[in-house]
Amino acid sequence: MKYLRTLIVCLTLLAVVSPVWADSTLDRALGAFYAKNYDEATVAFKQALSDDPLSTFALVMWLETAHRQNKLQDVATDLEGQVDKKPNDANLQAQLGLADMYLSSEKMSAVTRGQAAFDKALTLDPNCAIAHSALGLYYFTSEKVAKAKNQLSKAVEVNPRDIMAHERLAEITMIEEDKPEISIPMFKDVVKALPNYPDGWFFLGMAQEKSKKQKDAITSYERSIALDPFALTRSVYARVRIARLYQDAHRKDLAVQVLQDLIKQRPDFKDAKQELSDVESGIIHKDDDPPDRNVQLQAQ
């Protein structure tokens with residue numbers, strides 16, 4: 001059973017800015033990823049990163065895809081080669097740093113290398129947005145929320161199109177700052193930008209649920225589930241949370257069906273069995289548990 005690092009794959013916008021950055025390459029890549037067509041997804045995510053070297057989102061998804069193919073070291077080696085050719089390219093240094101951070105669960109020495117790469121990137125360019133974004137992601141997964149927010153805020157100041165930074169800031173707003181209503185329009189921008197992104201729909205549903213908009217939440221969760229038929233990422237939680245909403249709406253039959261399907265799709269996700277047992281026993285859960293930052297993803 002494998003534990004993957006946080007899949008940091010969600011878009012959002014701050015309330016103070018509202019650009020529309022619909023990206024057909026990313027949308028196509030996401031479609032391939034969630035269909036488990038990883039070779040096609042790899043090509044598309046690399047193309048998206050080539051088109052926009054500041055796209056932390058494209059980089060993270062490329063790394064996530066590589067991890068599922070057991071090719072993370074290949075990606076790191078690729079980036080190392082690029083850095084050797086252009087040692088003063090701050091963006092490449094930051095990209096290599098994030099790749100090393102992804103490798104850190106396999107090689108602890110990669111953490112030190114990753115931090116060194118971030119330091120060099122910011123020495124070369126103190127305004128390197130992807131370095132600030134990557135550091136923010138690192139602090140966020142380390143539960144150092146204040147530091148994460150500081151770095152992510154710097155990232156979006158330099159690059160308002162940094163989807164990763166916006167996504168984490170939105171989640172901080174929703175969960176850490178307990179302001180779900182403010183995050184709703186932010187997540188709506190997410191799904192407008194990438195309508196095939198199931199995690200965006202999940203987080204929108206979560207914000208709606210926390211804002212007592214249960215019907216809207218069910219619609220968003222249903223969309224998340226439909227876009228991620230193999231329950232690869234956050235839609236595992238969409239399934240659990242929608243089952244609770246069905247149960248609360250006195251549709252135990254729907255709740256049971258969703259959880260039974262989840263158990264078949266993700267036999268490694270043990271929480272589903274407990275949730276099913278609770279539903280069958282009539283136990284009602286409150287909305288008291290945000291999704292784990294370290295999502296247990298399907299072993300490939």
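Note that these values count all heavy atoms, side chains included, but never hydrogens, waters or copies made by symmetry. Here the structure is a predicted model, which means the values were calculated and not measured.
- Using a 4.5 Å heavy-atom threshold, the side chains of Leu194 and Phe57 count as touching.
- Between Asp268 and Lys270, none of the side-chain N atoms (NZ, or NE/NH1/NH2) sits under 4.0 Å from a carboxylate O, so this pair counts as no salt bridge.
- The backbone N or O of Ala231 lies less than 3.5 Å from a partner atom in the side chain of Arg266, making a donor-acceptor pair.
- Contact check for Arg68 versus Leu232: side-chain heavy atoms found under the 4.5 Å cut-off.
- Results of the side-chain contact (heavy atoms from CB on, under 4.5 Å) test with Lys46 over Val43, Thr42, Leu49 single out Thr42 as the only residue that passes.
- Under the 4.5 Å side-chain contact rule for hydrophobic residues, Met164 and Val158 do not share a cluster.
- The shortest distance between side-chain heavy atoms of Asp253 and Arg251 falls below 4.5 Å.
- Asp51 and Gln47 share a donor-acceptor pair across their side chains, judged by distance under 3.5 Å alone.
- Side-chain contact check for Gln95 and Asn91: no donor-acceptor pair (N or O, by modelled atom type) lies under 3.5 Å.
- A distance-only check finds no donor-acceptor pair linking the side chain of Gln151 to the backbone of Ala134 [under 3.5 Å].
- Under the 3.5 Å distance criterion, with hydrogens and angles disregarded, no donor-acceptor pair is assigned to the side chains of Gln115 and Asp100.
- Tracing side-chain contacts under 4.5 Å through hydrophobic residues (I, L, V, M, F, W, Y), one reaches Val83 starting from Leu59; they form part of the same cluster.
- Between the side chain of Lys149 and the backbone N or O of Leu169, no donor-acceptor pair lies under 3.5 Å.
- Without hydrogens or angle criteria, Gln93 side chain to Asn88 main chain gives no donor-acceptor distance under 3.5 Å.
- With 3.5 Å as the limit, one finds no donor-acceptor pair spanning the side chains of Thr219 and Arg223.
- Proximity of a side-chain donor or acceptor of Asp278 to a complementary backbone N or O of Ile283 within less than 3.5 Å is not detected.
- No continuous path of ILVMFWY side-chain contacts below 4.5 Å connects Leu98 to Leu124, so the two sit in separate hydrophobic clusters.
- Note on Leu54: it does not cluster hydrophobically with Leu137, by side-chain heavy-atom contacts below 4.5 Å among ILVMFWY residues.
- Taking the six-membered ring where the residue is Trp, Phe269 and Tyr237 present perpendicular rings, their angle passing 60° and hence far from 30°.
- Counting heavy atoms from C-beta outward, Phe33 and Asn196 have side chains that stay 4.5 Å or more apart.
- The cluster map of Ile, Leu, Val, Met, Phe, Trp and Tyr, joined by side-chain heavy atoms under 4.5 Å apart, puts Val258 and Phe230 in the same cluster.
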